[in-house]
Engineer: 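There's a structure below that I have some questions on.
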Protein chains: 2
Amino acid sequence: MSNKLGIKELAQHLDISIASVSRALHNPNRVSKDMRERVQAAAKELGYKQNTLASSLRTAKTRNIVAIIPDLSDTFNAGVIRSMEDAAAKRGYSILFGDSQGEREREIRYGELIQGKRADGVIFFSSTPPFPEETLQSDNFTVPPMVNSCEVMIDSGYKIKGQSIPYVTINNIEASKEITEHLIQQGHKRIAVITGDPSTPSVKQRLQGHIEAQQMAGIEHSSSLVFEGDYTIESGQKLAHDILKLKHRPTAIFCMCDESAIGCMHTLKENGVRVPQDIAVAGFDDIRFAQFSTPTLTTIAQPVEEIGRRCSELLIDIIENKSIKEKRVVLPHKLVIRESTRIPN
Amino acid sequence: MSNKLGIKELAQHLDISIASVSRALHNPNRVSKDMRERVQAAAKELGYKQNTLASSLRTAKTRNIVAIIPDLSDTFNAGVIRSMEDAAAKRGYSILFGDSQGEREREIRYGELIQGKRADGVIFFSSTPPFPEETLQSDNFTVPPMVNSCEVMIDSGYKIKGQSIPYVTINNIEASKEITEHLIQQGHKRIAVITGDPSTPSVKQRLQGHIEAQQMAGIEHSSSLVFEGDYTIESGQKLAHDILKLKHRPTAIFCMCDESAIGCMHTLKENGVRVPQDIAVAGFDDIRFAQFSTPTLTTIAQPVEEIGRRCSELLIDIIENKSIKEKRVVLPHKLVIRESTRIPN
DNA sequence: ATATATTCGGTAAACGTTTTCCATGGAATA
DNA sequence: TATTCCATGGAAAACGTTTACCGAATATAT
């Protein structure tokens, strides 16, 4: 028992052709009612499972999407992922998540799922498509369905062979401007900033917004108050130490992600610095721990649920050649003011 | 230009047989040096990409593993994932992560990647294999390579057709006993507990350990101090409120996961209850935020890195029919004592 | 020198599907 | 009754690989 059970065996067992089996299962009204029922019953009873490899090979469709995430354990990404999966499932697609850990090599390995025809499209969260340069250049490279998110060059959009890649993002410049303005409104004139990798679009954009807000308020921006981190708790801690060492301390710190803000606040408190009375702290992302930190964290809420959903929908529309309204989706963010920047009266 | 480019076209272009192309690329010493080099050069130049669908169909190997995670955004799971991916990559496998959101239906959908031959094995974090009951029963069902983790019935282990499923886990009973003992040592006699879904192995085991520790200390365990949560921050908050309403308040709360502990502490503080002076709080998992909460959280550290790694290694050993030393891996945990249970003197 | 082993490349059969094309028979139409 | 049409099911080609098998050529041993 328990031998191979393919469409062939099923057909033999029913004494019909494999064509009929295939039709009864996947093209039911191409076949008589009687046949349909007999086959489906037998399939269920014997536990026939379609070999989707063979099926995909034949049809050139997989109903799989690969999503390449720089860090699955990042609390912000994690939020996006859920709704992405959800939306895809509703349309009959499965999402395969790949954790690239920010490494190009890994991105490319997951990108190969596309080239190897194991997935119909790809969503990527880094600023470059998950294919080697040489591949992108190659004449024989046809641009697969893809959607870029989170790390997006809004202005230009990423282009391959003149084709610009659809994206889903928020307006980082505006968001950053808003939160900086909020700090300025609170009376801060000397604002330090803890960044992530400065070569990434998100950091560039957030920095730009931060600087613009200061200029508009007539505050001179000092690059000596820019501290380069990497979006982790630890870098928040470490750089907070550096900031505390400054002769002329800032009165506020804008961290470009919540995790850094949490690390930062922790170090400040450890050193007896009160937040927000002595130094105010703002974050970015509104991860779910932001409202449970002490003090609760002022931050920019990204519409995580919507980001994920729109990524999936956009990509699937492209895969299925639906007419696409917007290839460039910019979603609204929201400034959330909490205790870490609001001096209690 | 940019037409189909398969092995066939490549062979044509070089005026050799497709067999030679295949060999030159994947079985290099089955072919002369000259041939090898010519083919590889051409492949690179023209940008040939193997259709892995076809390859897998032929060889019945995919070098893919699917890992089904109940919630990718859970901070604890997230830690495991990374090392899992890492270890797999070292052995030449890619891991496809599926987020089941705890839904059976979704688990099964990802399980189908196995049955559809798109993956060679599966790692699952829930207590039941990702296949429908009827499938498991079916005569024609052959048990695929799988490894169970995190939600494991240690005693029996899960069995399919007499075959017991390999697992990787910690000893939840012991861990829970230890942390409860710690609370008892701190002088607590009335300890509330905030659980997760009580039907899961982890909760059952942690509850068992919790009760045993009390019995050993001669404390009577009161089921009225058991509060059923769901491993989220929110349930921690909510149940903390319930606990505060008790006429006879406990002096300590053991939360079966850190996220709940964080929610719990937040509510306590909101209500002017000092942690740990008025009520001590302990968690479980040692997520990375545990040491940044205020107060920092006493908890059980699970060896996340090792859990992930061992899952991958064990599964791949099974896939590749390596001789397997241990089919049941129980890893060491560690009690981490922090401020939330240590009364400052 | 011959006999034997080894290396190398091609032919064609598989892997498990889906789908085009065709043949058949019965129902519908004229 | 003769003709057309449609519903149904089978045969076989195709999807893009890998690999068993063969035969030719070359190297090695006697």
Side-chain angles (χ1 to χ4, degrees), chain A residues 3-40 42-43 46-64 112-120 140 142, chain B residues 3-40 42-43 46-64 112-120 140 142:
Chain A
N3 268 331
K4 226 143 283 176
L5 175 58
I7 205 173
K8 194 154 96 193
E9 287 72 18
L10 197 48
Q12 251 164 253
H13 175 259
L14 289 168
D15 198 35
I16 56 178
S17 77
I18 61 172
S20 296
V21 176
S22 176
R23 285 195 276 249
L25 294 176
H26 308 294
N27 221 340
N29 39 10
R30 180 65 181 66
V31 102
S32 73
K33 189 183 169 205
D34 176 59
M35 169 112 299
R36 184 167 54 234
E37 286 168 356
R38 276 204 312 146
V39 174
Q40 287 177 351
L46 301 192
Y48 165 73
K49 292 293 174 204
Q50 182 197 45
N51 181 323
T52 61
L53 275 183
S55 170
S56 291
L57 175 60
R58 178 61 227 253
T59 61
K61 305 227 157 303
T62 69
R63 313 227 74 163
N64 281 155
E112 279 169 355
L113 290 174
I114 296 289
Q115 307 214 319
K117 310 290 189 215
R118 297 186 108 85
D120 300 334
N140 305 69
T142 32
Chain B
N3 268 332
K4 226 143 283 175
L5 177 57
I7 206 176
K8 193 153 97 192
E9 287 72 20
L10 196 49
Q12 250 163 253
H13 177 258
L14 290 168
D15 198 34
I16 58 179
S17 77
I18 61 172
S20 296
V21 176
S22 177
R23 285 195 276 250
L25 295 176
H26 308 295
N27 220 343
N29 40 9
R30 181 64 181 67
V31 102
S32 75
K33 187 181 169 207
D34 176 57
M35 169 109 299
R36 184 165 55 234
E37 285 168 355
R38 276 204 313 145
V39 174
Q40 287 176 352
L46 302 192
Y48 164 74
K49 292 294 173 200
Q50 183 196 43
N51 181 325
T52 60
L53 234 36
S55 170
S56 292
L57 175 60
R58 178 62 225 252
T59 61
K61 305 224 157 307
T62 69
R63 314 227 79 171
N64 280 154
E112 278 168 356
L113 290 173
I114 296 290
Q115 307 216 321
K117 311 290 190 212
R118 299 187 105 87
D120 299 334
N140 305 69
T142 33

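Model, not experiment: these values are computed from the prediction. Lettering of chains follows the sequences in order, A, B, ..., and the numbering in each one begins at 1.
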Engineer: I need the minimum non-hydrogen distance between B:Y48 and B:L25, along with the two atoms involved.
Structural biologist: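 Looking at all heavy atoms of both residues, the closest pair is CE2-CD1, 3.6 Å.
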
Engineer: When you measure from every atom of DNA chain C, which of residues 32-40 of chain A have a heavy atom less than 4.0 Å away?
Structural biologist: none

Engineer: Through what angle, rounded to 10 degrees, does the axis of the helix from C:dA1-D:dT30 to C:dA30-D:dT1 turn between its ends, using five pairs per end?
Structural biologist: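 Answer rounded to 10°: the end axes differ by 30°.
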
Engineer: When you check every protein heavy atom under 4.0 Å of nucleotides 17-26 of chain D, what one-letter string (B, S, -) results, 5' to 3'?
Structural biologist: BBBBB-----

Engineer: Give the intermediate values and the outcome of side chain to side chain contact (heavy atoms under 4.5 Å, CB included) for residues B:R23 and B:M35.
Structural biologist: CA-CA 10 Å; B:R23 285 195 276 250; B:M35 169 109 299; over 6 Å; no

Engineer: Using side chain to side chain donor-acceptor pair (under 3.5 Å) as the criterion, list what pairs up with B:N51, not counting sequence neighbours.
Structural biologist: none

Engineer: Using a 4.5 Å cut-off on heavy atoms from C-beta on, say whether the side chain of B:I16 contacts that of B:V39.
Structural biologist: yes

Engineer: List in chain and number order the residues that pass side chain to side chain contact (heavy atoms under 4.5 Å, CB included) with B:R63, two or more places apart in sequence or in another chain; answer none if no residue qualifies.
Structural biologist: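 Applying side chain to side chain contact (heavy atoms under 4.5 Å, CB included) to B:R63 gives B:Y93, B:E320.
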
Engineer: Write down the atom of B:A24, the atom of B:V31, and the distance for their closest heavy-atom approach.
Structural biologist: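 Closest pair (atom of B:A24, atom of B:V31, distance): CA-CG1, 4.1 Å.
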
Engineer: Name the residue closer to the 5' end of DNA chain C, choosing between B:D15 and B:L57 according to the nucleotide with the nearest heavy atom.
Structural biologist: B:D15

Engineer: When the distance from CG of A:L53 to C1' of C:dT18 is rounded to whole Å, what number comes out?
Structural biologist: 15 Å

Engineer: Starting at CD of A:Q12 and ending at C1' of C:dG16, how long is that distance when rounded to a whole Å?
Structural biologist: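 After rounding, the gap between these two atoms is 13 Å.
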
Engineer: Scan residues 7-17 of chain A for pairs that pass side-chain hydrogen bond (donor to acceptor under 3.5 Å, both in side chains), counting only residues two or more places apart or in two chains.
Structural biologist: A:S17-A:S20

Engineer: Can you check whether B:I18's main-chain N or O pairs, donor with acceptor, with B:S22's side chain at less than 3.5 Å?
Structural biologist: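 Looks like no, no N/O pair under 3.5 Å.
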
Engineer: Which heavy atom in B:K61 sits nearest to a heavy atom in B:S56, and how many Å separate them?
Structural biologist: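 Smallest interatomic distance, heavy atoms only, reads O-OG, 2.9 Å.
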
Engineer: B:N64 and B:R118: which non-hydrogen atoms are nearest, and at how many Å?
Structural biologist: CB-O, 3.6 Å

Engineer: Using whole Å, what does the distance between atom C1' of nucleotide C:dT19 and atom CG of A:L25 come to?
Structural biologist: 15 Å

